[in-house]
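To start, the structure under review is shown below, and the notes come after it.
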Protein chains: 2
Amino acid sequence: MNEIIIELTKNNIKPSIHRIKILEYLRDNRTHPTVDEIYLNLKEGCPTLSRATVYNTLSLFVQSGIVRPLTIEDREIRYDYNTEDHGHFKCEQCGFLSDFEVNVAQLKYEGLEHHEITNKDVYFRGVCNKCLGNKKS
Amino acid sequence: MNEIIIELTKNNIKPSIHRIKILEYLRDNRTHPTVDEIYLNLKEGCPTLSRATVYNTLSLFVQSGIVRPLTIEDREIRYDYNTEDHGHFKCEQCGFLSDFEVNVAQLKYEGLEHHEITNKDVYFRGVCNKCLGNKKS
DNA sequence: TTATAAAATTAGAATTAATCTAAATTGAAA
DNA sequence: TTTCAATTTAGATTAATTCTAATTTTATAA
Ligand SMILES: [Mn+2]
Ligand SMILES: [Mn+2]
Ligand SMILES: [Zn+2]
Ligand SMILES: [Zn+2]
């Protein structure tokens with residue numbers, strides 16, 4: 001809780017109660033939750049919470065670089081507290097979105113001379129081991 | 001035109017006039033167009049065309065693997081006729097979505113043992129050279 | 001403390017990409 | 001021609017996100 005306040009303050013974000021709760025939720029739930037997941041879960045302990053606040057707050061966090069937005073889904077954005085270098089795998093069967101190790105920073109590329117690159121994402125898709133195991137072939 | 005029909009037939013897709021036009025449009029416009037871009041452009045030469053047909057057809061193409069859907073945008077899907085190994089860069093300033101060279105296939109990763117991977121995407125974001133050049137700093 | 005201004009939050013309306021639905025059209029057999 | 005499945009269609013529906021304008025909270029100054 002205290003670390004969350006420090007992190008917000010360090011990033012020039014005033015640590016309001018909602019901002020603390022939302023960042024805390026992301027820190028403690030590494031499932032890459034959607035806006036609605038965050039909203040519905042926090043609403044229980046804070047019935048006055050508005051969806052707009054969750055949207056506003058997450059935009060603020062993304063701008064400050066303390067959380068990362070994931071656009072691997074077609075329709076809705078997911079949010080990741082882990083901004084370290086790692087890839088994301090989406091199982092097309094069960095929908096689960098998992099992390100995997102990949103060295104994106106060292107990835108060699110060409111054709112972006114004189115571009116400023118602020119963000120790199122690696123998205124894989126397929127079927128996870130669990131879903132493959134369940135399949136009676 | 002003829003090659004398009006051959007490509008569709010090879011993938012067990014009956015080459016209806018709309019399917020031909022849509023695939024032709026993707027082949028000739030490598031700007032990663034959205035559904036609406038495709039729809040509005042083709043509607044001129046084919047006023048009866050429906051949005052639903054564009055959606056249906058693109059889903060069909062994606063399933064067959066002859067076009068690739070890009071989810072680099074938050075809100076809408078873009079489509080790429082080029083299914084070869086390459087990365088995508090989105091300029092946050094002008095919105096342009098460009099290709100770049102990157103060897104995704106040879107990318108080393110860990111943590112997806114016994115997963116079936118059907119698709120790999122590399123998305124970079126930032127500011128393109130053109131936008132950087134325009135900026136009077 | 002009290003007054004004032006700025007920042008944060010709110011509910012609900014508006015927007016819009018994508019999906020769904022049920023009817024109409026087309027095209028290939030029989 | 002008749003029949004049946006595949007394709008296409010317009011418009012309704014869904015749902016994530018954004019917008020708006022009002023309200024509440026917090027900070028600052030007198
Ligand atoms: Mn992650
Ligand atoms: Mn491309
Ligand atoms: Zn799975
Ligand atoms: Zn640009």
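Below, read A as the first sequence line, B as the second, and so on, with proteins coming before strands; counting in each chain starts at 1.
- Out of C:dT9, C:dT19, D:dT9, the shortest distance to the side chain of A:Arg75 is found at C:dT19.
- At a threshold of 4.5 Å between side-chain heavy atoms, the hydrophobic network of Ile, Leu, Val, Met, Phe, Trp and Tyr places B:Leu107 and A:Phe100 in one connected group.
- The two residues A:Leu70 and A:His32 make their nearest non-hydrogen contact at CD1-CD2, 3.5 Å.
- In terms of heavy atoms, A:Gly87 sits closest to A:Val102 at N-CG1, 3.4 Å.
- Atoms CG (A:Asp36) and P (D:dT14) sit 16 Å apart, rounded to a whole Å.
- Here D:dT17 presents its C1' atom at 16 Å from CZ of A:Arg78, a figure rounded to the nearest Å.
- Between the CD1 atom of A:Ile72 and the P atom of D:dA16 there is a distance of 18 Å, given to the nearest Å.
- Rounding to whole angstrom units, CD of residue A:Glu76 and P of D:dT14 are separated by 17 Å.
- At whole-Å resolution of the value, CG in B:Asp74 and C1' in C:dT15 are 15 Å apart.
- Residues A:Val35 and A:Ile66 share a hydrophobic cluster, clusters being chains of Ile/Leu/Val/Met/Phe/Trp/Tyr side chains in contact below 4.5 Å.
- Tracing side-chain contacts under 4.5 Å through hydrophobic residues (I, L, V, M, F, W, Y), one reaches A:Val104 starting from A:Leu112; they form part of the same cluster.
- Heavy-atom distances under 4.0 Å link DNA chain C to A:Leu49, A:Ser50, A:Ala52, A:Thr53, A:Asn56 of residues 49-66 of chain A, given in residue order.
- When each of A:Asp121, A:Asp85, A:Asp99, A:Asp80 is checked for a salt bridge (charged side-chain N to carboxylate O under 4.0 Å, His left out) with A:Arg68, only A:Asp121 meets the rule.
- Atom NZ in B:Lys21 sits roughly 14 Å away from atom P in D:dT8 (whole-Å rounding).
- Residue A:Ser16 has no polar side-chain atom (N or O) positioned under 4.0 Å from OP1 or OP2 of C:dA7.
- Atom-to-atom, CD of B:Glu37 to P of C:dA17 comes out at 11 Å; the value is rounded to the nearest Å.
- Spacing between atom CD1 of A:Ile77 and atom C1' of C:dA17 amounts to 13 Å, rounded to whole angstrom units.
- Contact between the side-chain N/O atoms of A:His18 and the OP1/OP2 oxygens of D:dT25 is not found at any separation under 4.0 Å.
- Projected onto DNA chain C by closest heavy-atom contact, B:Lys14 and A:Thr48 fall at different nucleotides, the more 5' of which corresponds to A:Thr48.
- There is a path of hydrophobic side-chain contacts, each under 4.5 Å, that joins B:Tyr25 to B:Ile20.
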